[in-house]
Amino acid sequence: MTGLPHLVLFTFFYAAVLSESVNSLEDAKDELAAYIENKKLEINSRYRLLYHVMPPVGWMNDPNGFSYYKGKFHLFYQYYPYDSVWGPMHWGHSASPNLVHWMDLPTALIPEEEQCFSGSAVADGDVMTLIYTAHMPTSAEPFYNESQYLAFSDDGVDFHKYDGNPVLPAAPNGSPDFRDPKAWRYGDHWYAVVGSKTLDQKGRVLLYKSKDLLSWELLSVLGESKGDMGYMWECPDFFELGGKFVLLMSPQGMAPKGDRYKNTFQTGYIIGNFDYTTNEFIPETEFQEMDFGHDFYAAQTIEHNGIRYVVAWFSMWEVPHVEDADGWSGAMTIVRELHLADKRILMKPVAEMERLRQHVVLNEKLRRKQARLLPKASELIINGNLLLKFEMLLEGTNGGGKVWIRWDPRTRKISVDRGSGDVRQVEWSPIGARTLRLFLDTSSLELFCGEGEVVFSSRITPPPLMGLFHSHNPQKYYLSTTQALHHYETR
Ligand SMILES: *[C@@H]1O[C@H](CO)[C@@H](O)[C@H](O)[C@H]1NC(C)=O
């Protein structure tokens with residue numbers, strides 16, 4: 001019994017620490033806010049995007065808590081403020097009235113014992129509830145475990161963690177990989193999908209149900225790899241679209257197959273049927289990538305006023321990022337609307353993007369190999385003849401990089417080529433419009449083909465200030481400039 005006095009002492013000490021931790025957490029948030037304000041002055045802005053959400057300083061990865069609460073859209077993200085590489089995870093926060101103009105808000109979650117990994121947010125009456133993964137160090141292999149935590153806010157700005165955490169302590173099979181809860185409301189209940197894996201390393205998604213967000217019941221394994229779809233399914237989402245159900249997730253460990261799965265990790269979806277009485281998802285399609293560019297991961301959706309919106313991390317794991325040396329890393333894609341057409345998802349820029357058009361700088365037919373200077377942030381609408389081969393070169397002035405966009409009517413492939421064989425390409429069969437809509441920002445490209453049946457999101461070694469482009473066939477271009485949108489001073 002020699003351990004008993006120690007145990008009592010420890011308990012006493014622990015209680016004292018806990019009562020102080022509320023204050024020290026507030027202090028830590030204040031210190032962090034001051035750090036960010038100060039550090040922003042040191043950021044090299046040469047590659048900063050003008051109309052995408054980015055971390056004010058430091059590292060960003062997955063979008064989290066994409067939600068609508070008290071009249072605003074909220075977009076949180078995996079955040080490490082202290083370096084431009086990944087580190088102990090916080091939740092950064094931005095908000096928008098219209099999905100286009102964003103402003104920074106104070107860091108929503110800071111890690112304590114637990115790192116605050118990905119999750120989602122719901123409006124539960126007047127309360128905004130975050131459900132996120134607590135990633136904890138442990139003393140035995142694999143030296144971490146994962147459980148689901150809650151945090152609450154009455155104003156969508158200040159969050160406090162729930163006293164009763166965890167609300168979902170462990171995966172049913174004991175796998176340490178149990179993360180990225182995405183919650184939604186259906187009928188009188190909350191539902192959530194959580195990413196996980198089987199004990200023999202196959203990705204899967206678990207479906208849970210709750211009356212109050214506090215206690216959860218496992219309903220089913222909603223989807224699982226048969227062996228060729230990766231060792232872990234991260235960031236699952238599940239929603240109804242056009243009368244079908246979509247299981248969206250980000251598998252890690254899928255082997256490249258021809259043109260497909262060339263990024264470090266994938267984000268894609270399976271379309272099928274689902275019934276809330278059986279909790280069974282019956283796939284009707286194979287897994288399909290959601291975006292065909294170099295930089296698109298961990299997509300998360302919400303529905304608002306009957307429209308399903310998606311946003312993704314506009315970067316990739318285990319690749320160099322142009323901005324790494326500049327005190328920040330990572331961005332979010334522009335927000336897109338989703339529609340279902342013939343067993344695939346169409347992705348279009350949100351209608352509100354048109355608000356960013358300021359003036360047309362060019363509206364003409366270009367002759368062969370003509371070059372034009374482009375504004376740093378611009379939208380190009382390209383009406384080409386798809387019977388003809390087409391190539392557009394975006395080239396940095398001052399020795400910036402080169403990126404080619406190509407259409408080949410013979411193979412019906414459209415591609416984004418960053419040079420040195422770093423190509424992403426896919427077959428495109430227009431189902432309606434044959435227009436290309438290209439969004440350029442300082443160091444990024446988002447190309448929407450036709451009705452959104454093919455989309456590429458790629459960070460590009462930037463045209464530092466301006467770009468030049470060439471066309472091999474007469475094509476019609478419409479350019480409009482966009483304005484700077486990311487506000488820092490609104491706190
Ligand atoms: C996870 O790890 C933490 C820290 O070691 C521990 O307190 C907690 O009980 C663990 N959870 C499970 C479900 O093992």
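Given the structure is predicted, the values throughout are model-derived calculations rather than measurements. In what follows, every heavy atom counts, from backbone to side chain, and hydrogens, waters and symmetry copies are set aside. One-based numbering, in listed order, for ligands and for the atoms of each.
- Of all atoms in ligand 1, listed by their number and element, those nearer than 4.0 Å to a heavy atom of Pro169 are 13 (C).
- Two residues are said to be in side-chain contact when any heavy atoms from C-beta on lie closer than 4.5 Å; Val194 and Tyr208 meet this criterion.
- Proximity to Thr138 (heavy-atom distance under 4.0 Å) selects the following atoms of ligand 1: 2 (O), 5 (O).
- The closest side-chain donor-acceptor pair between Tyr297 and Glu234 falls under 3.5 angstrom.
- At least one cation-pi condition fails for Arg204 and Trp233: the charged atom is not both under 6.0 angstrom from the six-membered ring centre and inside a 45 degree cone around its axis.
- Met136 CE, 4.3 Å is the protein heavy atom nearest to atom 7 (O) of ligand 1.
- Atom numbering of ligand 1 starts at 1 in the shown order; those under 4.0 Å from a heavy atom of Pro137 are 4 (C), 5 (O).
- Not a single protein heavy atom sits closer than 4.0 Å to atom 9 (O) of ligand 1.
- Side-chain atoms of Asn64 and Gln78 include a donor-acceptor pair closer than 3.5 Å.
- In this pair, Trp317 and Trp59 present their aromatic rings tilted. The plane angle is within the 30 to 60° band.
- Looking from atom 2 (O) of ligand 1 to the surrounding protein, the closest heavy atom is Asn145 ND2, 2.4 Å.
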